There are 2 protein chains.
Amino acid sequence: MIAGEEGLAGLTLRQVAARVGMRAPSLYTHFDSKNAIYDAMFAQAWSECLVQYEELWDRLPSDGRESLKAVARSFVDFSVRDLPRHQLMNLRTIPGFEPSPEAYAPAVAVLEKTHQLFLRHGLTDEDLDLYVAVISGLIDAQHANDPGGQRWSRLVHRAIDMLADNFGLP
Amino acid sequence: MIAGEEGLAGLTLRQVAARVGMRAPSLYTHFDSKNAIYDAMFAQAWSECLVQYEELWDRLPSDGRESLKAVARSFVDFSVRDLPRHQLMNLRTIPGFEPSPEAYAPAVAVLEKTHQLFLRHGLTDEDLDLYVAVISGLIDAQHANDPGGQRWSRLVHRAIDMLADNFGLP
DNA sequence: GTCTATAGGAAGATAGAC
DNA sequence: GTCTATCTTCCTATAGAC
């Protein structure tokens, strides 16, 4: 179930239904409310992200700098590929929607895996905070200022080198 | 005219009117449409930002690293102070709204001043892109993950040092 | 210029036939 | 399970009195 292409806030149940070849009321046999649909989309998006992460996890290089590059590259590509999905996953752009604990679980898992990676290479929680901000900043700038292009997404390698230097990684 | 506190997308004309002590229809004597109100708010927000920038501009230190810190600190504080304003200024969170050229002018002016600052210290356009991404990443992370706190906004100094190192600034 | 009243439309959600 | 038809609510915007 993939969302529209011009922002998530304006998505209606009728559009969602049309996208899957149904009428709006039929959605209520599968979900209790519109927010339940958002919840399922949120969970699915982060689950896909987690799956991609776990596939990458096993073939991660031992070098800290290089593994950060691989992880960041993968996450940025995933996030840039689909704007509404990114808005749903990361921004608080829908007025009444708060993801349920179950839907939140895979998002926590992704962050926890990144945390593990940071611990493995002797990095701190504050390092992780800075990493999170830089990566999401690149993604947001890409979406906001050069949609469809790669003016910011191509800076991932440079950004990771910059972070790794700052972290004191070899 | 300041917006609400729980996100901009759900803001209604009745709320806007109530905030200024009026009824919804009375707004139409001042604005042609809801988007015209957004447009005025967009223009005002960026104008305020520009004013703050220009006040800072005259007492900017000659040192590149320190002037970047001052500018970034000022912009981050401004953006963190008001979430709906930040959403209006930077994110594309309102479905049908696109700012008019006149409203966009002060936003361009702010970016242009930053561009001048970068040129003054021998920095490139790509350096500016990276700077923009990092700073807005800090702001967004602050709003999204620690609203009301300063877990990310306090990393501005470290982030600028990291950027300045990467730029080759002394 | 601001108000009350309301038009006109679209949204989320429900009822009940098939 | 999906449909058509409809309810209820809330939105932007307009009309017209004061």
Side-chain angles (χ1 to χ4, degrees), chain A residues 1-47 82-104, chain B residues 1-47 82-104:
Chain A
M1 180 179 309
I2 305 162
E5 51 277 319
E6 69 149 18
L8 191 72
L11 193 69
T12 71
L13 286 182
R14 287 167 173 79
Q15 289 174 295
V16 172
R19 183 107 24 171
V20 293
M22 296 201 315
R23 305 287 187 165
S26 306
L27 294 173
Y28 284 86
T29 58
H30 301 282
F31 303 97
D32 286 342
S33 70
K34 186 182 185 185
N35 275 0
I37 296 176
Y38 280 137
D39 210 53
M41 292 168 70
F42 182 93
Q44 185 187 336
W46 276 107
S47 293
D82 190 332
L83 168 60
R85 181 179 64 186
H86 171 66
Q87 290 180 328
L88 176 64
M89 288 170 70
N90 298 296
L91 276 35
R92 288 285 167 273
T93 181
I94 303 165
F97 171 62
E98 199 75 19
S100 66
E102 311 91 73
Y104 217 80
Chain B
M1 180 178 312
I2 304 162
E5 52 278 319
E6 69 148 17
L8 190 74
L11 193 69
T12 70
L13 287 182
R14 284 170 174 79
Q15 289 174 294
V16 173
R19 185 109 19 174
V20 293
M22 298 202 314
R23 305 287 188 164
S26 305
L27 295 173
Y28 285 86
T29 57
H30 301 282
F31 304 96
D32 287 341
S33 69
K34 186 182 186 185
N35 275 1
I37 296 176
Y38 280 137
D39 209 54
M41 292 169 70
F42 182 92
Q44 185 187 337
W46 274 107
S47 293
D82 191 332
L83 169 59
R85 181 179 64 186
H86 171 67
Q87 290 180 329
L88 177 64
M89 288 171 69
N90 298 295
L91 276 35
R92 289 283 168 272
T93 183
I94 303 164
F97 171 61
E98 200 75 20
S100 66
E102 309 90 73
Y104 216 81

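The structure displayed is predicted, hence computed values, not measured ones. So that the names make sense, note that chain A is the first sequence line, chain B the second, and so on, each numbered from 1. All values below come from the heavy atoms of this structure, side chains included, with hydrogens, waters and symmetry mates left out.
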I would like to know whether B:Met41 and B:Ile37 meet side chain to side chain contact (heavy atoms under 4.5 Å, CB included); could you show each step before the answer? CA-CA 6 Å; B:Met41 292 169 70; B:Ile37 296 176; 3.9 Å; yes

Please determine, for the side chain of [X], which listed nucleotide ([options]) has the closest atom?
{"X": "A:Thr12", "options": "C:dT2, C:dA5, C:dG12", "value": "C:dG12"}
{"X": "B:Met22", "options": "D:dT4, C:dA13, C:dC3", "value": "C:dC3"}
{"X": "A:Arg14", "options": "D:dT2, C:dA13, D:dT12", "value": "C:dA13"}
{"X": "A:Pro25", "options": "C:dG12, D:dT14, D:dT4", "value": "D:dT4"}
{"X": "A:Lys34", "options": "C:dT2, C:dA11, C:dT4", "value": "C:dA11"}

Take the protein atom [atom1] of [X] and the nucleotide atom [atom2] of [N], then report the distance between them rounded to whole Å.
{"X": "A:Asp32", "N": "C:dG12", "atom1": "CG", "atom2": "P", "result": "16 Å"}
{"X": "B:Leu13", "N": "D:dT14", "atom1": "CG", "atom2": "P", "result": "11 Å"}
{"X": "B:Tyr28", "N": "C:dA5", "atom1": "OH", "atom2": "C1'", "result": "15 Å"}
{"X": "B:Leu27", "N": "D:dA13", "atom1": "CG", "atom2": "P", "result": "10 Å"}
{"X": "A:Arg23", "N": "D:dT4", "atom1": "CZ", "atom2": "P", "result": "4 Å"}
{"X": "A:Gln15", "N": "C:dG12", "atom1": "CD", "atom2": "C1'", "result": "13 Å"}
{"X": "A:His30", "N": "C:dG12", "atom1": "NE2", "atom2": "C1'", "result": "17 Å"}
{"X": "B:Tyr38", "N": "D:dC11", "atom1": "OH", "atom2": "P", "result": "12 Å"}

Nearest heavy atoms of [X] and [Y], plus distance in Å:
{"X": "A:Ser33", "Y": "A:Tyr28", "value": "CA-CE2, 4.2 Å"}
{"X": "B:Asp39", "Y": "B:Pro99", "value": "OD1-CA, 3.2 Å"}
{"X": "A:Leu13", "Y": "A:Leu27", "value": "O-CD1, 3.5 Å"}

At less than 4.0 Å, is any side-chain N or O atom of B:Ser26 found next to OP1 or OP2 of C:dG1? Yes or no. no

Checking side chain to side chain contact (heavy atoms under 4.5 Å, CB included) for the pair B:Tyr104/B:Trp46: CA distance, chi angles, key distance, verdict? CA-CA 8 Å; B:Tyr104 216 81; B:Trp46 274 107; over 6 Å; no

